[in-house]
Each structure stands twice: as structure tokens, then as C-alpha cells.
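First the proteins, then the strands, lettered A, B, ... as listed; each starts at 1.
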Amino acid sequence: MEYLELFFKSIFIDNMVFATFLGMCSYLAVSKKVSTAVGLGAAVIFVMLVTVPMNYLLDQYILQPGALGKWLGPEFADYDLSFLTFILFIATIATMVQLVEMIVEKFSPELYNQLGIFLPLIAVNCAILGGSLFMQQKEFHNIAEATVYGVGSGIGWFLAILAIGAIREKIRYSNVPPALRGLGITFILTGLMAIGFMSFGGMLTGGDDEAAPKEEQSVATDGSKEEENATVYINQTEEVK
Amino acid sequence: MASKKNIDLIKDPLWDNNPITVQVLGICSALAITAELKASIVMAVSVMFVLGVGNVIISLMKNMIPSSIRIIAQLVVVATLVIIVDLTLKAFMPDLAKTLSVFIGLIITNCIIMGRFEAFALDPNNTPLQSFMDGIGNAWGYGLILVIVGFFRELLGSGTLFGFPVLGDPVEKTGLYALGYENNGFMLLAPMALITVGLIIWVQRAKNKSLIETH
């Protein structure tokens, strides 16, 4: 049950795009059409699925203070390699993206041509590195939790880019003020969608008026504190679809 | 040093070719940490350091890096510089380092940095000095948007600037609050950062018609 909670929480409440602003560059650049948005979103889900658990293992067995002592013997327990976090994480991600690219090219050249330049772009998509860094901050208990978190965040990003892609296809027929066309209106629309997604956070308190409003830092750092009811999320998912 | 080209390198990205509002790069960090002006400025300075120094390093090494592994080489340079920034912040400003938390790490994937490396520092026609100017110029443009957004969000959201109350005291009801003004706490929340940037883009394009997109 707690996996289900974590899953829906990482999709809706800690949504990568709307709560923590990660992966905004490709989100804005690739969302002009639904078809390309779906391709990139799917690739992001897959890379998240692979890199977050891998980085979890790296974090547990190499990076954490004392982690080397777990498997190399007690004399290594004093080492603290946490300053290497960024380099190791980004190396994992770059390698995995390269690997995914090669596998997709070998087994499904069609998909490879469809995704084209977006595949290598994933290496510098901050949602991926952000997913790993938040994973490290949240201190999950086992690799399954980290995997669920990775997939959930990937799906959250996918939903966001799908939604904005659909809106941008339609907004072509609206009369937007000239200076606001393109980028400007996309920013404002994303802001409005983010307001909508904030209401998912409100479900944690059951819509209680006395609940203190959350600041964005607290969303980013200690989102795991509150207890929540997973069944509420399931109802809410239906609405989103 | 102060030739026309060098001055343009610094001046252009500030407004007419702004990395955030025109090139659409490096948006993630720009939005996430702008609830306070101080955090915005620290972030801008960090990016300026990473971009300026990184551009020079890449420019000096451009003849040594084989093009097939250039992305990984660039990532290693950026990651090293970001580790320096991260450890410096943790040592001298621990509170702020906590607020910025993972967003300092995310400078690595800030597309402005990779974009400038690819587009400018690796170009054989550009000298290391010009690369430095270009890096500083783009970081200026990035910082300008951060400071504007941070200014409005902190002023309207909590009535302070750099943590000092400027609109009076909301509890004692002095200054503007005596006239019935209330802080708009919504400005501190995530969505208003997006909308503020959207409004900046609106103002910018209304003034400079050449930037208007068809769709």
C-alpha cells in the first residue's frame, strides 16, 4: 500500500514540472505537438526507471558516509565520498542514455527515428538528475521504493508534457495578444496548470481550512512527512484522465 | 578587450538575446529558487562563476577534446565547477545552501551552460577571452531575470527585500499595512514564478516587436 501512496504522490503532488520546475527546458521546447511530446515523455519514463534505482545503489554502496564499510570491510567505514555525488550520478545518466539510444536503435529503428534528437537530449534534462538527487534526499528504505519513485516521477513528467502539448495544439485557434504568443502564453498556462496541481497537495489535509499553505521549498525537500490516503488519489486519477 | 565585439558579447544576452526569455534555456533553476531575492542573487553568481570559468576551460581544451566524447568531457568540467560552488556555499552560507539544496546540483544540467559550451566555447574562431565575456554576458542575462522575478515575488509575497521589511510591519500594522494592504502569500508559491516570467516575456515582446513569435 505504501508503494501505491508513493507512486501517486510522486505523480501528482511532487510533480516534476509543476511542483519543482524540473525538465522545463525540454518541456517548453518539445511540447508544440502531442506526438513528439509523447515520444519524449515515454523516453523520460524509461530512463527514470533505469537511472533512479541505479543511482540508489551507487548512493547506498559508494557515496554515503560509511557506505564502503558495508562491503569492503570495516577499515573503509570512515570514508565519506559524498562529494562525488554529482559526477557519479551524471556519469550514470549519460551512460544509460547512451545505452538506451543504442538499444532502441538496434531493436526498434522506427522508434529511434521518431525520437531522433530527443533521446540524447535526455542526458541534460534536469528532471532526470533531479529525480536522482531528490531520491538521495528522501532516504528511501529499499530499492523498490526508489524504483517506484523513479517511475512515478517519470509518469508525472509525461502527463505534464502531454497536457501542455494538447493545450498548445488547440491554442493556435485562440486570439492571444501578439506579444504573448508562443513562449509567454505557455508560461502562463503552465502556471495555471500548476495551480490546479497544487490542489492535489490540498488532499493531504482533506481540504482543511486551518492547514498552513505549503511553501515550495517544503514541497521540494520534506514532501514525505504527511500521511495521506491513497484511495483519494485513485479517484482523482480518474478525473485527470 | 573593449572592442565592439566584446561589448556586444556582454550586452546582447542581457535583454535582446536573453538566455531565459528568448533562447528558452536554463528555466528550471530560474523558477524554483526565486521566492527570495537573496537566493536568486546567490544562484545568479554561482551560474556566473560556473559559466565564465567553464567557458574558458572548454575554450582552452577545445583542440584536445575528441568530438565523440565532448558531451561527457563537458559534463565533467561542469560537475567539477559545481562541486566547488556547492562546497563553498556549504562552508560559508549553510542556511542558504539548505534552501537551494538540489538546485545547486542542477546547475550541471542547466542548458545555458551546455548551450554556450557547444555554441561558443568550442567554436575555433573564438578566443578564451571572448569565451569568458560570452559566459559572463549570458550569466548576466540569466541573473537579470532571476533578480526581477525574485524582487517581485519577495516584495509582494512577504513584503521584504533581502529579509528586511520594506512595506512596514504586518503584525503591528504600520506603513502600507495600515492602509489595509495584505501580503499576497500566493506569490511565494510555485505557480506564480511561472506567471511572473510569462509577464516579463509579455513586457519584453511588447517593447521589442521583432521577438514576437507567430505561434
(Q) I'd like to know whether A:Met48 forms a side-chain contact (heavy atoms from CB on, under 4.5 Å) with A:Val151, so could you lay out the CA-CA distance, the side-chain angles of the two residues, the decisive distance to 0.1 Å, and finally the verdict. (A) CA-CA 6 Å; A:Met48 286 285 245; A:Val151 180; over 6 Å; no
Q. So which of B:Ile108, B:Thr21, B:Asn110, B:Thr196 has the biggest tally of heavy-atom pairs under 4.5 Å with chain A?
A. B:Ile108
Q: Just say parallel, tilted or perpendicular for the rings of A:Phe197 and A:Phe200, cut-offs at 30° and 60°.
A: perpendicular
Per-pair distances, 0.1 Å, donor-acceptor, side chain in residues 184-195 of chain A, under 3.5 Å, sequence neighbours excluded:
from: A:Thr186; atom 1: OG1; to: A:Gly182; atom 2: O; distance (Å): 2.6
from: A:Thr190; atom 1: OG1; to: A:Tyr27; atom 2: OH; distance (Å): 3.3
from: A:Thr190; atom 1: OG1; to: A:Thr186; atom 2: O; distance (Å): 2.6

(Q) I'd like to know which of B:Ala206, B:Ala79, B:Gly105 tops the heavy-atom pair count under 4.5 Å against chain A. (A) B:Gly105
Q | Contacting moiety of B:Asp86, where chain A heavy atoms sit under 4.5 Å | A | side chain
Q) Under 4.0 Å between a Lys/Arg side-chain N and an Asp/Glu carboxylate O for A:Lys138 and A:Asp14? A) yes
Q: Please state whether the rings of A:Phe140 and A:Tyr149 are parallel, tilted or perpendicular, taking 30° and 60° as the class boundaries.
A: tilted
Q | Any residue of residues 85-92 of chain A which, by heavy atoms, sits under 4.5 Å from chain B | A | A:Phe86, A:Ile87, A:Ile90
(Q) Just so I know, are the side chains of A:Phe18 and A:Met198 near enough to count as touching, which here means a heavy-atom distance under 4.5 Å? (A) no
Q. What distance separates B:Ile112 CD1 from B:Ile20 CD1, expressed to the nearest 0.5 Å?
A. 5.5 Å
